[in-house]
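Worth knowing before you read on, the calculation uses all heavy atoms, side chains too, and leaves out hydrogens, waters and symmetry mates. Per chain, numbering begins at 1; letters A, B, ... match sequence-line order.
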There are 2 protein chains.
Amino acid sequence: MGRSQPGKDGNWTIYDIARLAGVSAKTVSRVVNGEAGVGPETRARIEKIIEEVQYQPHIGARSMRHRTRDCLGVAISLPVNEAPVNQDFLLWIFQEIYRLFLCRGYFAVWDMNPPKLGETLDYARTLWQQRCGGLAVIGPLAINDTTIHRVHASGCPYITLGRLDSLPEVSFAAVNLEEGAYVSTKYLLNRGHKNIGMLKSFRGFQPSVERRRGYLRALEEAGLPPTEKYMRPVSFDTRDIVNAVHRLLIDPAVTAIIECSGCEDAPAIREGARRAGRVPGKDFEIVCWTYTSDGMVMSEACAHVWLPVKEAAAEGFELLAQWFAGEREGPIQLLYRPTLHEIITGKEISKPLRLFEMLS
Amino acid sequence: MGRSQPGKDGNWTIYDIARLAGVSAKTVSRVVNGEAGVGPETRARIEKIIEEVQYQPHIGARSMRHRTRDCLGVAISLPVNEAPVNQDFLLWIFQEIYRLFLCRGYFAVWDMNPPKLGETLDYARTLWQQRCGGLAVIGPLAINDTTIHRVHASGCPYITLGRLDSLPEVSFAAVNLEEGAYVSTKYLLNRGHKNIGMLKSFRGFQPSVERRRGYLRALEEAGLPPTEKYMRPVSFDTRDIVNAVHRLLIDPAVTAIIECSGCEDAPAIREGARRAGRVPGKDFEIVCWTYTSDGMVMSEACAHVWLPVKEAAAEGFELLAQWFAGEREGPIQLLYRPTLHEIITGKEISKPLRLFEMLS
DNA sequence: CTGTTAGCGCGTTCAC
DNA sequence: GTGAACGCGCTAACAG
């Protein structure tokens, strides 16, 4: 051990190894990077020393010569306490990152607290600071997002979990929410409903735009006027959902609701209906969006629309891993389609906890 | 917008900003780092440009001048597919890291695939490579661990979730497992048992040593010979637990079992007992270790020993955050005590999934 | 208040 | 097959 002393901060440099081996730094560099041009016995001697002192190259110095390619950045596109990210989804993301990147010896840097920069958030600091050579962006993109434009322009491998109108070339793996809203609305129109309420969350974000678009398209096709007033913006707060449902159903004209808030909060819907004196499945009908293929958010719903968000993301991450490894090019453009099920077997799933709710 | 072009790789450097502002690089550096010595209007001008081009300093270049202090490394002390890390625990760890580090604007690099280096594993690559300025080590330490010695010697803030005989000064937040084994054994001795089985997992790791020590101490105090044969090493595999219980109980002399495998796998215990033709609570007695204060692993147990592992870790992470922020010194030495409960109310908890079991 | 110089640890270029 | 010199982007020490 310690055949000499490493640098003052306790870390060995390539020069320390070179000195110990009686060669130049460049030769050590060649060995470390598995390059040719080193005699076998010299190589063996150097490798032995590296092993002995457990030398590891300084990533900072390396990253000054070329972009780091062994670390993926994981970022969230908005502050977590505003994010519709639930515990299960985040753990699931972690699994995917683990399976596709960490397991393969890559590192992953997380940045979950993007600073506000004027109107938008800079969630790609890990990239700008060259901590990583690729980025996975979790969460919905803001309509006026500019960060993703810069990420895209950087040419590095990246993926988002949603499209963005202002950047059609964006790399994404997502579900067609416009179609989800369209089939939901059309289904209810076909059942004779004329005034259909919608719980529309993600205000200011792309998902909100897509829901609106699908809803209006279905109405238009049916020759009905666009009734924006039945699209109620909601937050992820339970009380907000209760109020929104209450307000919608207090209007006797409203005979159906599309629950696409992303909250999967059946009790809140029921409470809102109760306050309005309405009975789901009797007084009015509900179409519920769900994110698991075998789960049911609400047993009273007349139909469920399954959004294969995880399935899209899983394939997206897979492709990102390939892109990251240089086995394919980007961008990734993966659009899964939602499916409407009239009958769902299995038990009702309970409302997932959002990430910030875990915090004491 | 591009008032000039950034470097060829699309990233702005401090020199680009300096050129645009008509000042020297050092002045820009002062502004970026909030140092004094820059005139207010010069500072404003520079800040404006930085904002415009969204300049971010190159972390690699920075880390060559001084140790990175804005990123925590999170490492696992053994390959995840061998790790007794369950889903809930890992998500919980993530929460803590989120709450104490990510929320405060720090980054976190994960390394979950430490390479084997001879006998031991090098789980601190993120540290050696200067990706981070502190380390949280998840998982049990191997008896012959040398990596943690180097981490300790580096002087950086770090924490482990267990002690290590070979390094008494180690920074840790853990539960006294020796005491857990001692009180478990003593309790059963007091109830008249003479031959007490123990499911001892983590072979080759420190927790195993501590369990053994407490077990033997209790026997010794009671004037009984050390019966190592009743301490059965088990893995985290259900079949292994079943077999171990079976083998123990097939011996009629064995009238009690301490379930401290860490598996929380009641069905496996029951199956093992069934195969041996024994009935828990009737033929023999069980003391079960548990990791939640309000949960019960097995209703047939005559006592539960609660190991406040999370509670210890939570306080440990808190102190790590302080150490990381320079608000206190290390090492952290936090030893929580287990508690034996004869009566537990509440429902039985189900066996947690281990991390690798999530993977498809 | 501001600029110059040097050097952090590494990889690249080119010479030996 | 090997090494010397340079420069990556940044900051500490020192000038002015």
Side-chain angles (χ1 to χ4, degrees), chain A residues 4-47 50 53-70 125 127-131 133, chain B residues 4-47 50 53-70 125 127-131 133:
Chain A
S4 171
Q5 78 291 2
K8 52 186 170 1
D9 60 349
N11 280 99
W12 296 89
T13 76
I14 206 166
Y15 288 103
D16 294 321
I17 309 299
R19 190 164 30 78
L20 291 176
V23 297
S24 80
K26 178 55 200 171
T27 302
V28 177
S29 172
R30 277 193 261 262
V31 171
V32 169
N33 296 304
E35 289 168 24
V38 183
E41 69 294 331
T42 309
R43 185 180 292 273
R45 192 169 76 252
I46 293 173
E47 275 169 351
I50 288 177
V53 305
Q54 307 226 357
Y55 164 75
Q56 293 262 352
H58 189 303
I59 188 70
R62 269 198 169 170
S63 71
M64 296 187 68
R65 311 304 287 123
H66 42 62
R67 182 178 269 174
T68 307
R69 297 202 66 63
D70 59 359
R125 288 184 300 168
L127 203 59
W128 314 141
Q129 298 175 356
Q130 320 242 15
R131 296 179 126 96
Chain B
S4 171
Q5 78 290 4
K8 51 187 171 357
D9 59 349
N11 280 98
W12 296 89
T13 74
I14 206 167
Y15 287 105
D16 294 322
I17 308 300
R19 189 165 29 79
L20 290 177
V23 296
S24 78
K26 179 60 196 171
T27 303
V28 177
S29 174
R30 277 192 262 263
V31 171
V32 169
N33 296 302
E35 288 168 25
V38 182
E41 69 295 332
T42 308
R43 184 180 295 273
R45 192 169 76 250
I46 294 173
E47 276 170 349
I50 288 177
V53 305
Q54 306 225 357
Y55 163 76
Q56 293 263 353
H58 190 304
I59 189 68
R62 269 198 168 169
S63 71
M64 297 187 67
R65 312 298 296 134
H66 42 62
R67 182 177 269 174
T68 308
R69 297 202 66 60
D70 59 359
R125 288 183 300 168
L127 204 57
W128 313 142
Q129 298 175 357
Q130 319 243 15
R131 297 179 124 97

[X] [atom1] - [N] [atom2] separation (whole Å):
X      : N      : atom1 : atom2 : result
B/I17  : D/dC10 : CD1   : C1'   : 13 Å
B/R67  : D/dC10 : CZ    : C1'   : 19 Å
A/H58  : D/dC10 : NE2   : P     : 14 Å
B/E35  : D/dA13 : CD    : P     : 11 Å
B/R131 : C/dG9  : CZ    : C1'   : 15 Å
B/N33  : D/dA12 : CG    : P     : 7 Å
A/R19  : D/dT2  : CZ    : C1'   : 19 Å
A/I14  : D/dG7  : CD1   : C1'   : 15 Å

Exercise. Looking at CD1 of A/I14 and OG1 of A/T27, how far apart are the two atoms once the value is rounded to the nearest 0.5 Å?
Worked result: 9.0 Å
Within the structure provided, determine whether [X] and [Y] are in side-chain contact (heavy-atom separation under 4.5 Å).
X     : Y     : result
B/T42 : B/R30 : no
B/V32 : B/Y55 : yes
B/N11 : B/H58 : no

Problem set entry | Backbone N/O of B/I59 and side chain of A/R131: donor-acceptor pair under 3.5 Å | no
Exercise. For the side chain of A/R30 and the base of D/dG1, is some donor closer than 3.5 Å to an acceptor across the two?
Worked result: no
[options]: which one has an atom nearest the side-chain heavy atoms of [X]?
X     : options               : result
B/R65 : C/dG3, C/dG9, D/dT11  : D/dT11
B/T13 : C/dC10, C/dT2, D/dC10 : D/dC10
A/K26 : C/dC10, C/dT13, C/dT2 : C/dT13
A/H66 : C/dT12, D/dA4, D/dC10 : C/dT12
B/V23 : D/dA4, C/dC10, C/dG3  : C/dG3
B/Y15 : D/dC10, C/dG3, C/dC10 : D/dC10
A/M64 : D/dG9, D/dA12, C/dC10 : D/dG9

Exercise. What's the verdict on side chain to side chain contact (heavy atoms under 4.5 Å, CB included) for B/K26 and B/E35, showing C-alpha distance, side-chain angles and the deciding distance?
Worked result: CA-CA 11 Å; B/K26 179 60 196 171; B/E35 288 168 25; 4.0 Å; yes
Exercise. Taking OP1 and OP2 of D/dT2, is either one under 4.0 Å from a side-chain nitrogen or oxygen of A/S24?
Worked result: no
Exercise. Would you say D/dT11 has OP1 or OP2 under 4.0 Å from some side-chain N or O of B/S29?
Worked result: yes
Exercise. Which sits closer to the 5' end of DNA chain D, B/V32 or A/E41, going by the nucleotide each is nearest to?
Worked result: A/E41
Exercise. NA contact type, A/T42, heavy-atom cut-off 4.0 Å: base, sugar-phosphate, or nothing?
Worked result: sugar-phosphate
For this session: Check every strand shown and say whether A/G39 touches a base, only sugar-phosphate, or nothing at a heavy-atom separation below 4.0 Å.
Result: sugar-phosphate
